[in-house]
Number of protein chains: 2
Amino acid sequence: MLKAVFFDIDDTLYDTSGFARLARKAALNVMIDAGLPLASNKAYTLLRQIIKEKGSNYDKHFNVLTREVFGQEKPLLIALGMITYHNVKFALLRPFPKTPSTLINLKKKGYHLGVISNGLTIKQWEKLIRLGLHHFFDEVVTSDEAGVEKPDERIFQLALSRMGCRAGKSVMVGNKFSEDILGAVNVGMSAILVNSELTESEKEYIKKEGIEIEVISNIKDLGAIL
Amino acid sequence: MLKAVFFDIDDTLYDTSGFARLARKAALNVMIDAGLPLASNKAYTLLRQIIKEKGSNYDKHFNVLTREVFGQEKPLLIALGMITYHNVKFALLRPFPKTPSTLINLKKKGYHLGVISNGLTIKQWEKLIRLGLHHFFDEVVTSDEAGVEKPDERIFQLALSRMGCRAGKSVMVGNKFSEDILGAVNVGMSAILVNSELTESEKEYIKKEGIEIEVISNIKDLGAIL
């Protein structure tokens with residue numbers, strides 16, 4: 001019987017938040033050099049606030065920033081910010097140090113590998129390609145394709161059906177308890193939380209519901225479990 | 001009195017078409033390596049046809065290409081194509097060899113420099129920044145801001161008013177007769193056609209209308225005229 005391990009991408013396979021933070025700070029510094037009249041930490045606080053309001057997939061954070069600071073959009077500053085953000089992000093982008101060897105190991109052990117991710121299909125493939133990880137995955141299933149986001153059961157069902165394997169023979173690995181872990185156990189998959197810790201209320205919840213999950217601090221520890 | 005020279009960007013300041021061609025061919029070759037079942041030249045012909053139908057600012061040419069070839073979108077191939085296209089374009093992007101020295105020369109002679117371009121404001125600034133030319137220009141005016149495209153007189157009027165100069169003291173430099181040249185002379189600016197030749201019907205037209213324009217084959221020849 002086919003055994004499969006499904007992964008979340010962001011903050012599971014690579015340090016998404018860390019790279020985004022570095023890229024945003026670099027972008028703001030270039031904008032400040034070109035005339036944005038804010039101190040670096042103040043600009044970062046403002047940008048974070050805008051990202052929180054608009055969501056991280058909104059692509060005009062710098063437009064909003066210049067509007068808030070100048071009362072109008074500043075195309076040169078916006079363009080400088082966007083170019084710097086993308087250049088820094090793409091230049092630095094790489095998996096967590098132990099991600100590639102862990103994936104190779106799982107392949108050697110005969111696991112089929114997949115991705116279950118909330119996001120746009122082509123964007124998620126872009127990330128995998130830029131990370132150099134796309135050759136590892138047999139199936140990449142996104143909320144874009146499923147029409148629903150994790151933790152909705154249907155995205156997990158779609159992934160299982162595309163991979164051709166049963167829930168009982170499958171594991172979900174992710175960093176978000178409410179999306180990755182709960183969604184997976186609800187369809188009968190095993191689940192492993194990585195790069196994240198259970199809160200007290202989550203601990204109570206899984207105890208009450210009799211859910212069994214594994215918690216690991218580094219993706220390399222998958223080797224010892226699987 | 002303020003003297004100004006306005007430039008078009010694409011195929012005037014840099015070889016837009018040439019870089020796009022190289023980047024598209026590189027993208028298709030990567031897609032073919034990854035399973036697109038077409039010969040290189042056949043794939044390029046199909047892509048050109050799609051670009052012609054959808055317009056060059058449409059951002060889903062590779063989506064259409066995979067739909068036409070496979071009957072459905074292939075996200076991995078699309079993502080590989082897009083990443084390669086952008087990587088190649090940005091890696092190679094630079095001005096025509098004589099563009100920077102020509103702009104420096106015009107600055108030394110006391111000209112104010114501007115851009116009048118059909119396109120999105122932030123995209124056009126991005127091009128100038130990536131080309132390393134954005135410091136030269138006092139004003140960048142786009143169809144996005146003007147609400148009309150070249151050759152509409154209003155975009156030229158907006159540029160003159162933003163620069164604070166009269167049409168009679170201004171020159172437009174561009175590679176498209178019907179957009180750059182006709183638009184400029186209609187508002188009373190001088191006009192210089194670069195990287196392009198007049199067709200017979202254009203020659204007849206300017207003779208009949210008594211329009212005087214200069215035609216140069218290389219941007220460096222601006223030095224001898226201005």
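For clarity, every value in this text was computed on a predicted model and none was experimentally measured. Naming convention: chains lettered A, B, ... in sequence-line order (proteins, then strands); numbering from 1 in each chain.
The structure places CH2 of Trp125(A) at 9.5 Å from CG of Leu77(B), a figure rounded to the nearest 0.5 Å. Ile83(A) contributes atom CD1, which lies 8.0 Å from atom NE2 of His134(B) (distance to the nearest 0.5 angstrom).
Residues Ile129(B) and Leu76(A) meet the side-chain proximity criterion, which asks for heavy atoms closer than 4.5 Å. Between Leu80(A) and Glu126(B), every side-chain heavy-atom pair lies at or beyond the 4.5 Å cut-off.
Lys98(B) NZ: 12 or fewer foreign heavy atoms inside a 6.0 Å radius. Environment of NZ in Lys127(B): crowded, with over 12 heavy atoms of neighbouring residues, nucleotides or ligands closer than 6.0 Å. Atom CZ of Arg67(A) has more than 12 neighbouring heavy atoms from other residues, nucleotides or ligands inside a 6.0 Å radius. Within 6.0 Å of the NZ atom in Lys109(A), the count of heavy atoms belonging to other residues, nucleotides or ligands exceeds 12.
Contact between Met82(B) and Ile122(A) at its shortest, heavy atoms only, is SD-CG2, 4.1 Å.
Taking the ring-ring contact (aromatic ring centres under 6.0 Å, His included) definition, one finds that Phe70(B) meets it with nothing, sequence neighbours left out.
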